[in-house]
Amino acid sequence: MTRIASKPPASEAVTPGQAERFAAELGRLWPEGGRLGLAVSGGPDSLAMLELAHAAIPRRFAVATVNHGLRPEAAAECAMVERICAERGVPCTVLDIRTGSGNVQAAAREARYGALAKWAERDGLAALATAHHADDQAETLVMRLNRASGLAGLAGVRPRGLAPGTRLPLLRPLLRWRRAELVAIVALAGLAPARDPSNEDEAYDRVRIRKALAAADWLDVEAIAASAEHLADADRALEWIVEREFEERSE
C-alpha cells in the first residue's frame, strides 16, 4: 500500500468546520480531556480519524497500529500508517499480536484491545479512540434486530465505554459521521487506504447487511444510528434505576 505522490498538505484534507465538529464531539464524549490514543488500522475510517485529529487536536494525541499477523499484507499496512504519521509529526507505535485457534475474529479483537490498553498505559494516554461511524452503528442495530437482541444489544456501539478488561475510556467520536464523509477526507488527503478482503466476504452477517442497507436507499442510516444512541440512553437509565432501587433496599 502506497500513498499517492501528489498529496496536498494535510491541513487541506479537513475543512475548519470538520475540525471543529470533531473537536466538539470529543469534548462532548470526553470533557475531562487529556492526551488521546488513536487506534489506526490503515483503513479509510481510521485514516480519516487521524486526519481529523491532526487538524483538530495537533500534538495532543498518539497513534498505535496493530499487526495481528492474520493477513500477509498486515506488516506493510502498519508500515504505511507509520509513514503517514511520520510525515505529520505524530508519534506512532506498531503493536505485534498473535491469536490462537478457535473464533479467530473474537480472539483478534480481544488481543488487539489488550495490546492497545497496555500501550496507552505505558505512554501515559488518558483515553483510546476508535473509528466506528454511523454506518457501522446502523449495521450493528439491524444485525442485532435480526438476532432478536434485547435493549442492551440494540443500543449498539456505545459512544463512550471502557476498553475491554480495563478502566481506560474508549471513545467513538465518529458515530455521527457517515462512511462517505470519511472516505472523502482520505481521498482529499491523497492516501490509498488498506483494504481488508473480509469486508467484502458475504460469509459474514455484517457484510450482507451492509450491502442490503446500501441497496435500500429509502432507509435513513443517520436516523437508524440515532435510534441506537437513544436506546443506549434508555439502557443507561434503566441501569441507574435498578442500581438505585438495589441501594435503597439494602439500607
> Please tell me whether L38 and L162 are part of a single hydrophobic cluster in this structure, the criterion being side-chain heavy atoms less than 4.5 Å apart.
no

> Could you measure the distance from the OG1 atom of T130 to the CG atom of L116? Nearest 0.5 Å is fine.
9.5 Å

> Got more than 12 heavy atoms from elsewhere within 6.0 Å of CZ, R122?
yes

> State the OG1-OH distance between T166 and Y113, to the nearest 0.5 angstrom.
10.5 Å

> Using only atom types and a distance under 3.5 Å, with no angle test, would you say the side chain of T65 pairs donor to acceptor with the backbone of V94?
no

> Could you give me the CA-CA distance, side-chain angles and deciding distance for T140 and R206, then say whether side-chain contact (heavy atoms from CB on, under 4.5 Å) is met?
CA-CA 7 Å; T140 298; R206 182 176 293 275; 2.9 Å; yes

> Roughly how far apart are S149 OG and M143 CE, rounded to 0.5 Å?
8.5 Å

> Answer yes or no: is there a side-chain heavy-atom contact under 4.5 Å between W177 and I185?
yes

> Do L125 and F61 have side-chain heavy atoms sitting under 4.5 Å apart?
no

> Are V186 and L182 side-chain neighbours, meaning at least one heavy-atom pair lies under 4.5 Å?
no

> Spell out, as yes or no, whether a donor-acceptor pair under 3.5 Å connects the side chain of Q137 to the backbone of V157.
yes

> Under the salt bridge (charged side-chain N to carboxylate O under 4.0 Å, His left out) test against E202, which residue among K211, R208, R210 passes?
K211

> Other residues, nucleotides and ligands only: do more than 12 of their heavy atoms fall within 6.0 Å of NZ on K118?
no

> Between E200 and R195, is the closest basic N to carboxylate O distance under 4.0 Å?
no

> Between E25 and R28, does any NZ, NE, NH1 or NH2 come within less than 4.0 Å of an OD or OE carboxylate oxygen?
yes

> Is there a side-chain contact between E229 and L175 in this structure, where contact means two heavy atoms from C-beta onward sitting under 4.5 Å apart?
no

> Start with the C-alpha distance between R147 and D205, add both sets of side-chain angles, then the distance that settles side-chain contact (heavy atoms from CB on, under 4.5 Å), and finish with yes or no.
CA-CA 11 Å; R147 295 174 179 174; D205 289 349; 3.0 Å; yes

> Could you walk me through whether D45 and R179 pass side-chain contact (heavy atoms from CB on, under 4.5 Å), step by step?
CA-CA 7 Å; D45 309 331; R179 177 183 286 119; 4.3 Å; yes

> May I ask you to test the L36-W30 pair for a side-chain heavy-atom distance under 4.5 Å?
yes

> Quick one: closest heavy-atom pair of A74 and N67, and the distance?
CB-OD1, 3.3 Å

> Quick check for you: to the nearest 0.5 Å, what is the distance between S46 atom OG and H133 atom NE2?
10.0 Å

> With heavy-atom distances below 4.5 Å as the criterion, would you say the side chains of L128 and W119 are in contact?
yes

> Would you find a donor on one side and an acceptor on the other, under 3.5 Å apart, between the side chain of D201 and the backbone of A203?
yes

> Counting only heavy atoms not in E121 (residues, nucleotides, ligands), do more than 12 fall under 6.0 Å from its CD?
no

> When rounded to the nearest 0.5 angstrom, what distance separates CG in L47 from CG in L52?
11.0 Å

> Working to the nearest 0.5 Å, report the span between CG of L50 and CG of L191.
8.0 Å

> Is the closest side-chain heavy-atom distance between R160 and P169 below 4.5 Å?
yes

> Using side-chain heavy atoms (C-beta onward) and a distance below 4.5 Å, is I84 in contact with V40?
no

